[in-house]
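Here is the structure we will look at, set down as structure tokens.
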Amino acid sequence: MIVVAGRNKVVEGDDQDAIRRIKCAASPANARRLSKATPCATTGFCSDCSSPARICRATTILTRKPSLTDLHVLVVNEDMGF
Ligand code: SF4
């Protein structure tokens with residue numbers, strides 16, 4: 001598996017800072033882009049909604065490469081997506 005991410009996805013801090021970025025930047029922007037009827041699409045910030053259109057439903061944190069996997073993460077030196 002190869003995960004490709006733009007440099008704008010790199011967050012200074014810890015996993016909570018990364019989740020905050022998802023909730024405060026990426027999810028609202030993607031909800032607007034996809035015309036989702038979520039609070040964040042309107043307000044620009046997360047209200048931990050229960051909307052049927054909720055865009056953030058799963059969180060995966062890899063602290064180390066899982067054993068017996070062929071996982072690579074490539075960070076591209078340009079902004080990609082939100
Ligand atoms: S929980 Fe709802 S309001 Fe918060 S980021 Fe996800 S979709 Fe947007």
Side-chain angles (χ1 to χ4, degrees):
M1 175 189 294
I2 299 174
V3 176
V4 179
R7 65 185 175 200
N8 55 318
K9 306 293 172 50
V10 176
V11 174
E12 280 190 44
D14 59 18
D15 56 344
Q16 292 306 307
D17 294 305
I19 290 171
R20 200 167 7 264
R21 181 195 176 281
I22 292 168
K23 298 286 190 177
C24 296
S27 289
N30 277 308
R32 278 193 294 270
R33 177 177 66 84
L34 298 168
S35 301
K36 295 288 187 179
T38 62
C40 62
T42 303
T43 65
F45 59 88
C46 177
S47 57
D48 193 22
C49 75
S50 297
S51 168
R54 181 173 170 142
I55 195 169
C56 50
R57 291 173 178 254
T59 302
T60 302
I61 298 173
L62 298 172
T63 52
R64 294 286 185 275
K65 179 178 173 179
S67 58
L68 306 177
T69 64
D70 190 20
L71 174 68
H72 301 273
V73 177
L74 301 177
V75 179
V76 179
N77 191 23
E78 63 183 66
D79 292 350
M80 297 169 61
F82 300 111

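Values below: every heavy atom of this structure, side chains too, minus hydrogens, waters and symmetry copies. When a residue number appears, it is its place in the shown sequence, counting from 1.
- To the nearest 0.5 Å, atom CD1 of residue I2 and atom CG of residue L71 are 9.5 Å apart.
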task = Evaluate the side chain to side chain contact (heavy atoms under 4.5 Å, CB included) criterion for residues V73 and M1: first the C-alpha distance (whole Å), next the side-chain angles of each, then the deciding distance (0.1 Å), finally the verdict.
result = CA-CA 9 Å; V73 177; M1 175 189 294; over 6 Å; no
If you look only at distance, which donor and acceptor atoms sit under 3.5 Å apart when one is on a side chain in residues 34-46 and the other is two or more places apart or in another chain?
{"from": "T38", "atom 1": "OG1", "to": "A41", "atom 2": "N", "distance (Å)": "3.3"}
{"from": "T43", "atom 1": "OG1", "to": "P39", "atom 2": "O", "distance (Å)": "3.1"}
{"from": "T43", "atom 1": "OG1", "to": "F45", "atom 2": "N", "distance (Å)": "3.2"}
{"from": "T43", "atom 1": "OG1", "to": "F45", "atom 2": "O", "distance (Å)": "3.0"}

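- Smallest separation of non-hydrogen atoms from F82 and R33: CE1-CD, 3.8 Å.
- A distance-only check finds a donor-acceptor pair linking the side chain of N8 to the backbone of G81 [under 3.5 Å].
- A salt bridge does not link D14 with R20: every distance from a Lys NZ or Arg NE/NH1/NH2 to an Asp or Glu carboxylate oxygen is 4.0 Å or more.
- Within a 6.0 Å radius of CZ in R57, more than 12 heavy atoms belonging to other residues, nucleotides or ligands are found.
- Interatomic distance, CG of D70 versus NZ of K65, reported as 5.5 Å (0.5 Å rounding).
- Between V75 and V4 there is no side-chain heavy-atom pair separated by less than 4.5 Å.
- D79 places no side-chain N or O within 3.5 Å of a backbone atom of R7 that could act as its donor or acceptor partner.
- Note: I22 CD1 to D17 CG = 11.5 Å, rounded to the nearest 0.5 Å.
- For the pair M80 and K9, the tightest heavy-atom approach, listed with the atom from each and the gap, is O-NZ, 3.0 Å.
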